Amino acid sequence: MTQASGSPRVRFAPSPTGSLHVGGARTALYNLLFARHEKGTFLLRIEDTDVERSREELSAQILSAMEWLGLEYDEGPFYQSKRQELYRAAAEKLLTDGKAYRAFETPEELDVDRKKAEAAGRAYRYSGAGRAISPEESARRARAGERHVVRLKMPAETIVVQDLIRGRVEFPPEALDDFVLVRSDGHPLYHFCVCVDDTEMRITHVIRGDDHLANTPKHVALFQALGAPVPEFAHLGMILGTDRKKLSKRHGAAAVEEWRDAGILPETLFNFLALLGWAPGEDREILSREEMEREFTLDRVGASPSVFDPEKLLWMNAQYIARMPAEELLARATAFAPGGVPEKSAALRAVELHRTRARTTVEMARALSAYARDPEDYDPDGMKKQVKADTPAHLERLLARLEEQEDWSAAVLEAALRQTAESLGVSAGRLIHPVRLALTGVTVGAPLFDVVALLGKETASRRLRRFLEAIRPHTPA
RNA sequence: GGCCCCAUCGUCUAGUGGUUAGGACACGGCUCUUUCAAGGCCGCGGCACGGGUUCGAGUCCCGUUGGGGCCGCCA
């Protein structure tokens, strides 16, 4: 039995164990894209059943990362920790229906069995001893306060999962055992909560990571025991680090927040993640949110895992930076500018000058700050290479000439410098490179005359003078 | 170990039995140029292997190898 037609309902169900990982973000994103494409509903559910590990601050972090990325949900967030009554009732019903039973072994006893199986080289499975206890005795022992868990009676038949991405997958019964639904302290466990919630929330499609594929037969059996429709499944390939291992903190920058702080635009990360496992065809890579929603379908999602490549992310971010309106780009970069930014109109011009040179908003911010603050030091290699014995004299001449200029425009400045170079009998480069060093502290950057014009006469002159002071003692008189 | 999934350039991918196997990132070269970028042009580079099926396999089937996942009173 599967869900009948109608508007699809999907969900993203992270456990609040820290920050939002890019793998989780991609899963959420595919759910969202699927929901939008199908005109369905996307909900968020926080799986905080593990009371020892979950904390509210941790889910707040996930919520804010989702908001930043543009992962907006239609319903929720729902917290499993607040739905305990639902699980208790469902467990009770499974028990009365004979679909589940109480088991009275202690964790220690189970551990012994597990060790034994391991030593014998067999796969461990629960003995099923609890199945033999009559309902009457079971209830009596429970009433007497004997500690017990609740286990599902797994059917002794092959469970078939029809996966939208992987096709038909079969799980033989000997691989499955009667897993625990409710702990002896009364807390419901993950698999159980998932199925109860998916049923109650009328989820039609479960789109999640590949790591859950092996859990799916448990879920199918549980849905059936619950008398609930079995949703469709779509299992996504994992996202791997460059070493082809599942992406984790170990790889660095596995969290959405880290990319945000590194100056990656949310639009970029959204686009990039969407393409990790899905392609719209026709070799298109830079896609608007609207295009993605319009074209996203599960049948174009690949089954194989994919490596997260930061280099390509950076390239894509540069593409977004190149296209973004200056005003908006300035606003985004300003948040990262430690040394402040110049006044608005100058800042806007600076943004245009540097947009092809910045791959992140952090880099853009650094470029902007350079206009607002005089350089603190000069690149040593540049000094060595560009500052010659006659450089101070050249720069004195140039400075005098520049200060005469009324019209402080790039074209006029360039003409002035080239004429100065000519009268000095040196190439323009002999002046250009030291001047860049004087004004910015480094040897690379935007076209020099634009930089000089943007800085303005006062700032440019001041920086040139300071540079002259800095180089004089080091050059022979 | 058992069960399950995956396999096209280094990376992301297009490809659904007949293609010179296409694009993008990265890399190399050229170009533009005051530097660095960006851009443009060119290049390097791939169907993991072995069997089938077929007139014909990157595409279908089986196996091998490699990688990954799951086997908790974690999620």
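As the structure is a prediction and not an experimental result, all values here were calculated from the model. Every chain is numbered from 1, with letters handed out A, B, ... down the list of sequences.
On the P atoms, B:rU13 is 25 Å away from B:rU19, given to the nearest whole Å. Between B:rG18 and B:rU54, the two C1' atoms lie 12 Å apart (nearest whole Å). Look at the P atom in both B:rC9 and B:rG45: the space between them is 14 Å, to the nearest Å. Using C1' as the reference atom, B:rG66 and B:rA48 are 8 Å apart when rounded to the nearest Å. B:rC36 and B:rC44: their P atoms are spaced 27 Å apart (whole Å). One P atom belongs to B:rC73, the other to B:rU64, and the distance between them is 32 Å to the nearest Å. B:rC5 and B:rC61 have their P atoms separated by 13 Å, with the value rounded to a whole Å. Comparing the same atom, C1', in B:rA26 and in B:rC12 gives a spacing of 11 Å after rounding to whole Å.
A 3.5 Å limit on both hydrogen-bonding distances identifies B:rC71 as the Watson-Crick or G-U partner of B:rG1. Nucleotide B:rA24: paired with B:rU11 (Watson-Crick or G-U wobble, both distances less than 3.5 Å). Pair assignment for B:rC32 gives none, since no Watson-Crick or G-U wobble pairing has each distance under 3.5 Å.
Contact between the side-chain N/O atoms of A:Arg114 and the OP1/OP2 oxygens of B:rC73 is found at a separation under 4.0 Å. Dashed line: the shortest gap from a side-chain N or O of A:Gln319 to OP1 or OP2 of B:rG39 is under 4.0 Å. For the OP1/OP2 pair of B:rC73 and a distance below 4.0 Å, the side-chain nitrogens and oxygens of A:Arg102 include no atom meeting the criterion. The shortest distance between the side-chain N/O atoms of A:Arg284 and the OP1/OP2 oxygens of B:rA24 is not below 4.0 Å. Look at A:Arg183 and you'll find a side-chain N or O under 4.0 angstrom from OP1 or OP2 of B:rC74. Here A:Arg418 reaches the OP1 or OP2 of B:rU34: one of its side-chain N or O atoms lies under 4.0 Å away. Side-chain N/O atoms of A:Lys245 include none lying less than 4.0 angstrom from OP1 or OP2 on B:rG67. When the side-chain nitrogen and oxygen atoms of A:Thr242 are compared with OP1 and OP2 of B:rU11, none of them lie within a distance under 4.0 Å. Side-chain nitrogen and oxygen atoms of A:Arg208 include none within less than 4.0 Å of the OP1 or OP2 phosphate oxygen of B:rC70.
The listed nucleotides are B:rC74, B:rC6, B:rC3; the one nearest the side chain of A:Ala303 is B:rC6. Comparing atom distances between the A:Leu448 side chain and each of B:rU34, B:rG69, B:rC5 picks out B:rU34 as nearest. With B:rA75, B:rC73, B:rG69 as the choices, the nucleotide that has an atom nearest any side-chain atom of A:His212 turns out to be B:rA75. Distances were taken from every side-chain heavy atom of A:Phe171 (C-beta onward) to each of B:rG15, B:rA37, B:rC4; the shortest belongs to B:rC4. Taking the side chain of A:Val444 as heavy atoms from C-beta on, and the options B:rC25, B:rU35, B:rC70, the nearest nucleotide is B:rU35. When distances run from any side-chain atom of A:Tyr124 to the nucleotides B:rC73, B:rC4, B:rG72, the shortest one goes to B:rG72. Relative to the side chain of A:Ala279, the nucleotides B:rC25, B:rU34, B:rA14 differ in distance, and B:rA14 lies closest. Checked against B:rA75, B:rC6, B:rG10, the side chain of A:Asp309 finds its nearest nucleotide in B:rG10. Of the candidate nucleotides B:rC3, B:rG68, B:rC70, B:rC70 has the atom nearest to the side chain of A:Ala214. Of the listed nucleotides (B:rC73, B:rA26, B:rG15), B:rC73 has the atom at the smallest distance from the side chain of A:Val180.
You won't find any donor-acceptor pair under 3.5 Å spanning the side chain of A:Ser15 and the base of B:rA75, going by distance alone. Applying the 3.5 Å distance criterion, the base of B:rA75 shares a donor-acceptor pair with the side chain of A:His191. Between the side chain of A:Lys312 and the base of B:rA24, at least one donor-acceptor pair of N or O atoms lies under 3.5 Å. The base of B:rC73 lies close enough to the side chain of A:Ser184 for a donor and an acceptor atom to sit less than 3.5 Å apart. Side-chain atoms of A:Asp283 and base atoms of B:rG22 include a donor and an acceptor less than 3.5 Å apart. With hydrogens and angles ignored, a donor-acceptor pair closer than 3.5 Å exists between the side chain of A:Arg357 and the base of B:rC36.
Using a 4.0 Å cut-off between charged nitrogen and carboxylate oxygen, A:Asp177 and A:Arg151 do not count as a salt-bridge pair. Between A:Arg11 and A:Asp197, no side-chain nitrogen of the basic residue sits less than 4.0 Å from a carboxylate oxygen of the acidic one, so the salt-bridge criterion is not met. Under a 4.0 Å N-O distance rule, the pair A:Lys312/A:Glu285 qualifies as a salt bridge. Under the 4.0 Å criterion applied to side-chain N and carboxylate O atoms, A:Glu146 and A:Arg102 are not assigned as salt-bridge partners.
Using a 4.0 Å heavy-atom cutoff across all strands shown, A:Arg430 reaches no nucleic acid atom at all. Nucleic acid contact class of A:Ser304 (heavy atoms, under 4.0 Å, all strands): sugar-phosphate only. Contacts of A:Gly302 with the nucleic acid, taken as non-hydrogen atoms under 4.0 Å apart, are absent. Using a 4.0 Å heavy-atom distance criterion, A:Ala446 is classed as a base contact. Within the nucleic acid shown, A:Glu105 comes within 4.0 Å of at least one base atom, counting heavy atoms only. Within 4.0 Å (heavy atoms only), A:Ser427 reaches no atom of the nucleic acid at all. Counting any heavy atom pair closer than 4.0 Å across all strands shown, A:Arg436 reaches a base atom. Within the nucleic acid shown, A:Val307 comes within 4.0 Å of sugar-phosphate atoms alone, with no base atom in reach, counting heavy atoms only.
In this entry the distance linking CG of A:Asn215 with P of B:rC5 reads 14 Å, nearest Å. Between the C1' atom of B:rC4 and the CD1 atom of A:Ile165 lies a distance of 16 Å, rounded to the nearest Å. Rounded to whole angstrom, the span from the CH2 atom of A:Trp315 across to the C1' atom of B:rC25 amounts to 7 Å. Rounding to whole angstrom units, CD of residue A:Glu285 and P of B:rU11 are separated by 16 Å. In this structure, A:Leu110 places its CG atom 10 Å from P of B:rG72, rounding to the nearest Å. Following rounding to the nearest Å, A:Glu414 (CD) and B:rU35 (C1') show an atom-to-atom distance of 13 Å. The distance between atom CD of A:Glu118 and atom C1' of B:rG72, rounded to the nearest whole Å, is 13 Å. Atom-to-atom, CG of A:Leu287 to P of B:rC12 comes out at 18 Å; the value is rounded to the nearest Å.
Between the side chains of A:Asp178 and A:Tyr101, at least one donor-acceptor pair of N or O atoms lies under 3.5 Å. There is a side-chain donor-acceptor pair under 3.5 Å between A:Arg401 and A:Gln419.
In this structure, the separation between OG on A:Ser15 and CG on A:Asp48 is 9.5 Å, given to the nearest 0.5 Å.
Ring centers of A:Tyr30 and A:Phe296: under 6.0 Å apart, within the cut-off. For an aromatic pair to be called close, the ring centres must be under 6.0 Å apart, and A:His21 with A:Phe308 fails this. Ring centroids of A:Phe467 and A:Tyr378 are separated by less than 6.0 Å, placing the two rings close together.
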